[in-house]
Structure formats: C-alpha cells, structure tokens
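First comes the structure, then the notes that go with it.
Below, chain A is the first sequence line, B the second, and so on; all start at residue 1.
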Protein chains: 2
Amino acid sequence: MDARSAEASFAKTGCQLDELLKFLAQEWMTHIVWTLAREDTIRFGALRRALPGAISARVLSLRLKTLEAHGLVTRTDIGAKPLHVEYSLTPEGRNLDAALRRNEILSARFNFPGQ
Amino acid sequence: MDARSAEASFAKTGCQLDELLKFLAQEWMTHIVWTLAREDTIRFGALRRALPGAISARVLSLRLKTLEAHGLVTRTDIGAKPLHVEYSLTPEGRNLDAALRRNEILSARFNFPGQ
DNA sequence: CAGGATCCGCCTCGATACTG
DNA sequence: CAGTATCGAGGCGGATCCTG
C-alpha cells in the first residue's frame, strides 16, 4: 500500500470513526446498550424503567430503531393484547458492548477530566 | 474488590466514557486533533485552513479552548502586531490521537454502517 | 403495553461585523 | 492576525396527547 492510498484509507476510516462517535454520543445510546447487555431480552417498558433517570418513550423508540437499523438490536413482536415486544442485543451488539467496556480504559488513559 | 464496589466502579467509569464520547463527538473535534497531530505546531489561521471543509472561527476558537482546558492542547502567544498564536498537542493530546487511531479498528470490528 | 404525532424550548452552529 | 459579539436557523430532546 503506497502513501497515497494509505492517506485515503486513513481519511476514510477517520470519517467512519467520526460517525461512530456521533452515533454513540447520542443521548442515552450507551446506557441503552449497557442495559440491554445485562439482560438476555427485555420489554420496552421494562427497559425504559431500567434506564437511570428518565428517558422519554419517544427517544427510546428512536434509539431502538436506529440500533436495529444498524444490526445491533433485535426487535421481536410477541403479540398484541396487550402489546408485547422484546428487545435484545445481536452478537454485533454484544461486540459493541464489549468494546465499550474495553474502552473504559481509554478514559483512564487520558485521565479525561469531567469538566 | 467485591461485587458491589465493582458495580459502582463500572457505573462511574461508564459515565466517564459517556462524557468522553460526547466530548469527542462534538463537531470538528476529532479533525482538529488529527490535524494538530500532523504538525508540531500550527497557527490559528493555518489550522483553520488545514481543516477539511469550512469551520467557523468561532467554533474553532471554542474547540481549542475546551481542548486546552482539558490539557490536550497548548496555546502559545508569540506576540502582537501582527497577532501570532501557536497551537500544539500536549503529550496527553498525542495520547488521545494515538488512541483514536487505534480505535479506528473499533469501527471495522463492528462493520459499523454509515447510515 | 408499545409506541406515533405534535408542539416547543434549548442548544449549537454558521454568517456577519467588529476589534486590538 | 486572532479572535469576540451578535443574530438567526436548524436539530434534538422532553412533555403531552392519542391509539390499536
């Protein structure tokens, strides 16, 4: 691989990392992943209550939808009356969770000060 | 370390990671770090022109200030008439750059789809 | 119960104009 | 040159109301 293609490759992966960062930095995103990782499967309402603080149903729904679109979460419709939907992490989602846990070291490495 | 303190510790570092993510996901932030990493030292205007696309002076100034506040960037005032200020990464800043490069693997690991 | 629709305030960013 | 001040637009998240 010559210098030019290496440069191009770096720029590309750099942008991907940037997208990934913006994706993960969305409000509640990491917490949703972490909470899903603690259960095999969980219902919408239970997930909502399990999250620390108060997330609106609207945002939780949005996040789950994008997580699903990215192949990180599986949505299973169990049945209506009453509605019953289960969410769980895909293997990819579990990889993400594992990576997030590994990267906790990252913040320690920099001694990233919280403000 | 027992289970309870491990749990507490995880919650804490979890939040730190969250803060770090939101910090890095700010518009232009990673690009500024990457660009600074390519130079030993660089002036405000040159840095601005070196960034891909168009960043406003206002935002660049804001980012550099928070980077400095976090100990990742050093600002050196060379002198007035004409104004001359140099920016460079601190050792911590270089660690961050290195970690970002390493973590590019992260996006590959998940095959994170852009959109 | 699991959301969708709507409204609305907040924050952020870009553009513009100005300064030492 | 290296910013700061101000203004306006857009996006995002919360709250509320509504439904199958």
Are [X] and [Y] close enough that some pair of their side-chain heavy atoms sits under 4.5 Å apart?
{"X": "B:Leu47", "Y": "B:Thr35", "value": "yes"}
{"X": "A:Trp28", "Y": "B:Asp18", "value": "no"}
{"X": "A:Leu36", "Y": "A:Val73", "value": "yes"}
{"X": "B:Ile32", "Y": "B:Ile55", "value": "yes"}

May I ask you to evaluate whether [X] reaches the phosphate of [N], defined as a side-chain N or O under 4.0 Å from OP1 or OP2?
{"X": "B:Tyr87", "N": "D:dC1", "value": "no"}
{"X": "A:Trp28", "N": "D:dC12", "value": "no"}
{"X": "B:Arg48", "N": "D:dC1", "value": "no"}

For a quick check of understanding: with a heavy-atom distance under 4.0 Å over all strands, which category does B:Arg43 fall into, base, sugar-phosphate or nothing? sugar-phosphate

Mind checking A:Arg75 for me? I need base, sugar-phosphate or nothing, with any heavy atom below 4.0 Å counting as a touch. sugar-phosphate

In whole Å, I'd like the distance from the [atom1] atom of [X] to the [atom2] atom of [N].
{"X": "A:Asp77", "N": "D:dG20", "atom1": "CG", "atom2": "P", "value": "16 Å"}
{"X": "B:Leu64", "N": "D:dT4", "atom1": "CG", "atom2": "C1'", "value": "14 Å"}
{"X": "B:Lys81", "N": "D:dA2", "atom1": "NZ", "atom2": "C1'", "value": "15 Å"}
{"X": "B:Leu60", "N": "D:dT4", "atom1": "CG", "atom2": "P", "value": "11 Å"}
{"X": "B:Arg63", "N": "D:dG3", "atom1": "CZ", "atom2": "P", "value": "15 Å"}
{"X": "A:Arg58", "N": "D:dG11", "atom1": "CZ", "atom2": "P", "value": "13 Å"}
{"X": "A:Ile55", "N": "D:dG13", "atom1": "CD1", "atom2": "P", "value": "9 Å"}
{"X": "B:Leu62", "N": "D:dA2", "atom1": "CG", "atom2": "P", "value": "17 Å"}

Considering only heavy atoms of chain B and a distance under 4.0 Å, specify the first and last nucleotide of DNA chain C in 5' to 3' order that meet this criterion. C:dC13 to C:dG20

With rounding to the nearest 0.5 Å, note down the distance linking CG in B:Asp40 to CD in B:Glu86. 10.0 Å

Rounded to the nearest 0.5 Å, how far apart are CG of B:Leu64 and OH of B:Tyr87? 5.0 Å

Has A:Arg75 got a side-chain atom pairing as donor or acceptor with A:Glu68's backbone, closer than 3.5 angstrom? no

Taking the side chain of B:Leu83 as heavy atoms from C-beta outward, which of D:dC1, D:dG3, D:dG13 is closest to it? D:dC1

Which residue, B:Gly45 or A:Ser56, contacts DNA chain D at a nucleotide closer to its 5' end, judged by nearest heavy atom? B:Gly45

